[in-house]
Amino acid sequence: MVALLEKREKILGQNKLYGYKPYPKQLEFHNAGATYRERMFLAGNQLGKTLSAGHEAAYHATGLYPDWWQGRRIDHANKGWVGAPSGEFVRDNAQRILFGEMMELGTGTIPKELIIGRPMMAHGTTGLIDMIRIRHVSGGTSVIKFKTYDQGREKWQGTPVDWIWPDEEPPIDIYTEALTRTNATKGFIFCTLTPLLGMSDTVMRFMGDSKSPDTHLTIMGIDDAAHISPERRATIIASYQPHEREARINGTPMLGSGRIFPIAEEEIRVDPIPIPKHWPQIGGMDFGYDHPFAAVRLAWDRDNDCIYVTAEYRVAEKTPVYHVGALRPWGKWLPWAWPHDGLQHDKGSGVVLAKQYEEHGLDMLDKRATFEDEKSNGVEAGIIEMLDRMQTGRLKVFNTLTMWFEEFRLYHRKEGKVVKQRDDLLCATRYAIMMLREAKIEKTPQTYSRYEEPYLGPLSWMAF
């Protein structure tokens, strides 16, 4: 029995390719490969980003795709490059995931029986593989070659390849050089990293206003990793320095002094609560088509002057009719705050944009969002109001609003100016707060027995 168990463990250790069950964020990253040529996976430390890419690389090299796979497939033997900052980093991370430790070659994601011969070793770093051959199900031979960023851009020139996996962030010149290697093969690149370098040129390629339409970004935080218990999460979070915490636990680019809301998420994040009937509520919207249309719903605890962000909606490239259909279930009685561009006319119909939403059934406020004194209605005034509420515990956000928190983590300044990107839900929140005085209590219609009539007071006869 002991011998059989040891044999079983050995077999399992050499067939790790078949045991991978991706989390939803990892699955999103893989599936995006069917549509996008360039993918980036931002994730905190030890959450599984390298593991996921290591399995994807193994699927491509062997042609052994699992039944659940909906990402891109390669049906022939292929050539792939794997890169990282240094030889030691490659060896200890991506190489280990793919092939296991050097003394136990075949204990990684690529099964031992598919490794052809002995690998060609690199110079300068002990145990670092330069090139290794893999048997593909088509009968051909795939090749995986390891490279490092410290070799410089010139070392990333060469023959065409089918796929490239940069593990951790490459400089932009190396990234674009690597991408060029896939042009002739119509190949692809998938990058995994913890964004400790902040909003770098490489990250901005996937997040900026000028990003390519052929790019896809996946962000995975510690709450998306089921293998980390709540108790362990608290320990991990506490172990990081405050300035790098968001990057290391949530995959959020480090923004340093450029971050607009330097508030720890746990200070504003709350579990959803039932909203008392006597709390007034208001909706806020930010118009958009190419960039997303966004909307939020706010509830106001007037006794404590505390605002709760309770619902979110963000969709691009849809018309007002579509958005109204999604927002009407929030309540026909709900008043809606909107920005100054709601006064712009739609070029096709000539109808004021805000009026279109009203005509389709939303209770749009009579004028654009302004503070009551109408003297400080700029973006900065709204940001200061939100920040003040966060710092004093008077702005809370339901922890189910994942898109809202993604924007919150990335909201930053560059050269002193607010970067207007991925801020749609935050803008909608700001507009709603500016018009908080217009919030309403949900009215429930009164019903009467067929034998009763409502009492209207001592002068009720005057109503008839």
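- Nearest heavy-atom pair, Gln26 versus Leu47, reported as atom, atom and distance to 0.1 Å: NE2-O, 4.2 Å.
- Taking the six-membered ring for Trp and thresholds of 30 and 60 degrees, Phe99 and Phe146 have ring planes more than 60 degrees apart, a perpendicular arrangement.
- Distance check: Ser86 OG to Arg91 CZ gives 8.5 Å after rounding to the nearest 0.5 Å.
- Listed by chain and residue number, His60, Trp69 satisfy the ring pair (Phe, Tyr, Trp, His ring centres under 6.0 Å) test with Tyr65 (two or more places apart in sequence, or in another chain).
- Applying the salt bridge (Lys or Arg N to Asp or Glu O under 4.0 Å) rule to Glu312 yields no partners; only residues at least two apart in sequence or on another chain are considered.
- Under the salt bridge (Lys or Arg N to Asp or Glu O under 4.0 Å) criterion, Arg232 pairs with no residue at all, not counting sequence neighbours.
- Distance check: Asp301 CG to Lys396 NZ gives 11.5 Å after rounding to the nearest 0.5 Å.
- Between His323 and Tyr357, the two ring planes are parallel [angle under 30°; tilted spans 30° to 60°].
- Judged purely by distance below 3.5 Å, without hydrogens or angles, the side chains of Thr192 and Trp165 pair a donor atom with an acceptor atom.
- In this structure, the side chains of Phe287 and Leu353 come closer than 4.5 Å at one or more pairs of heavy atoms.
- Between Trp279 and Tyr308, the ring center distance clears the sub-6.0 Å criterion.
- When every heavy atom of Ala94 is checked against every heavy atom of Val82, the shortest pair comes out as CB-CG1, 3.6 Å.
- Proximity of a side-chain donor or acceptor of Lys147 to a complementary backbone N or O of Lys155 within less than 3.5 Å is detected.
- Between the side chain of His55 and the backbone N or O of Ala53 there is no donor-acceptor pair closer than 3.5 Å.
- Put simply, CZ on Phe398 and OG1 on Thr400 are 7.0 Å apart, with the number rounded to the nearest 0.5 Å.
- Looking at residues two or more places apart in sequence or on another chain, you find no ring pair (Phe, Tyr, Trp, His ring centres under 6.0 Å) involving His123.
- No side-chain heavy atom of Pro24 sits under 4.5 Å from any side-chain heavy atom of Asp224.
- In this structure, His30 and Tyr20 have perpendicular ring planes: the angle between them is above 60°, well past the 30° mark.
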| query | Should Arg135 and Glu113 be marked as a salt bridge (charged side-chain N to carboxylate O under 4.0 Å, His left out) after you check the CA-CA gap, both sets of side-chain angles, and the distance that decides it? | reply | CA-CA 9 Å; Arg135 186 175 292 108; Glu113 68 269 16; over 6 Å; no
| Does the pair Lys25 and Glu406 meet the rule for a salt bridge (charged side-chain N to carboxylate O under 4.0 Å, His left out), with working shown? | CA-CA 14 Å; Lys25 286 291 186 179; Glu406 284 180 5; 3.8 Å; yes
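- The ring of Phe190 has its center no closer than 6.0 angstrom to the ring center of Phe41.
- Checking side-chain atoms of Thr182 against main-chain N and O of Ala178 turns up no donor-acceptor pair under 3.5 Å.
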| message | Run the side chain to side chain contact (heavy atoms under 4.5 Å, CB included) test on Leu436 and Ile307 for me, step by step, so that the C-alpha distance in whole Å, both residues' side-chain angles and the decisive distance to 0.1 Å come before the verdict. | response | CA-CA 9 Å; Leu436 193 62; Ile307 297 171; 3.6 Å; yes
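- Side-chain atoms of Asn93 and Thr50 include no donor-acceptor pair closer than 3.5 Å.
- No side-chain heavy atom of Thr202 sits less than 4.5 Å from a side-chain heavy atom of Pro166.
- Partners of Tyr431 by ring pair (Phe, Tyr, Trp, His ring centres under 6.0 Å), not counting sequence neighbours: none found.
- Defined by atom type and a distance below 3.5 Å, a donor-acceptor pair is missing between the side-chain atoms of Thr180 and Trp156.
- In this structure, the side chains of Ile115 and Ile132 come closer than 4.5 Å at one or more pairs of heavy atoms.
- For Gln95 (side chain) and Gly127 (main-chain N/O), a donor-acceptor pair under 3.5 Å exists by modelled atom type.
- Pairs passing the salt bridge (charged side-chain N to carboxylate O under 4.0 Å, His left out) check and including a residue from residues 318-327, sequence neighbours excluded, do not occur.
- Side-chain contact, Arg37 with Asn183: a donor N or O sits under 3.5 Å from an acceptor N or O.
- A distance-only check finds a donor-acceptor pair linking the side chain of Glu407 to the backbone of Leu425 [under 3.5 Å].
- Taking the side-chain contact (heavy atoms from CB on, under 4.5 Å) definition, one finds that Asn399 meets it with Arg269, Asp271, Pro272, sequence neighbours left out.
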| field | Trace of the side chain to side chain contact (heavy atoms under 4.5 Å, CB included) decision for Val137 with Thr62 | value | CA-CA 6 Å; Val137 294; Thr62 64; 5.6 Å; no
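- Trp333 and Asp363 share no side-chain donor-acceptor pair at under 3.5 Å.
- The distance from atom OG1 of Thr310 to atom CG of Leu401, rounded to the nearest 0.5 Å, is 7.5 Å.
- Side chain of Tyr240 to main chain of Ala247: no donor-acceptor pair is present (N/O by atom type, distance under 3.5 Å, no hydrogens or angles).
- One finds no salt bridge joining Glu385 and Arg430 here, because no Lys/Arg side-chain nitrogen approaches an Asp/Glu carboxylate oxygen to under 4.0 Å.
- Here the side chain of Arg314 pairs no donor or acceptor atom with the backbone of Pro292 at under 3.5 angstrom.
- The side chain to side chain donor-acceptor pair (under 3.5 Å) contacts involving residues 124-134 comprise Asp130-Lys145, where partners must be two or more places apart or lie in separate chains.
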| task | Could you walk me through whether Trp404 and Thr429 pass the side chain to side chain donor-acceptor pair (under 3.5 Å) test, one step at a time? | result | CA-CA 9 Å; Trp404 196 98; Thr429 304; 3.0 Å; yes
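- Residues passing the side-chain contact (heavy atoms from CB on, under 4.5 Å) test with Asp75: none are found, sequence neighbours excluded.
- Among residue pairs with one or both ends in residues 178-201, those qualifying as salt bridge (charged side-chain N to carboxylate O under 4.0 Å, His left out) are Glu177-Arg181; sequence neighbours excluded.
- The number of heavy atoms from other shown groups lying within 6.0 Å of CD (Glu88) is above 12.
- Annotation: ring pair (Phe, Tyr, Trp, His ring centres under 6.0 Å) contacts of His136 (sequence neighbours excluded): none.
- Considering CG of Leu395 and CE of Met390, their distance stands at 5.0 Å, rounded to 0.5 Å.
- Looking at Arg233, its side chain does come within 3.5 Å of a backbone N or O of Ala225 through a donor-acceptor pair.
- For an aromatic pair to be called close, the ring centres must be under 6.0 Å apart, and Phe293 with Tyr322 fails this.
- Atom CG of Asp423 and atom OH of Tyr411 lie 5.0 Å apart (nearest 0.5 Å).
- Contact check for Phe408 versus Val397: no side-chain heavy atoms found under the 4.5 Å cut-off.
- Annotation: side chain of Val161 is not in contact with side chain of Thr185 (no heavy-atom distance under 4.5 Å).
- When side chains are defined from C-beta on, Tyr313 counts as touching Trp330, because their heavy atoms get closer than 4.5 Å.
- Within the structure, salt bridge (charged side-chain N to carboxylate O under 4.0 Å, His left out) pairs that include any residue of residues 46-58 comprise Arg39-Glu56, Lys49-Glu168 (at least two apart or interchain).
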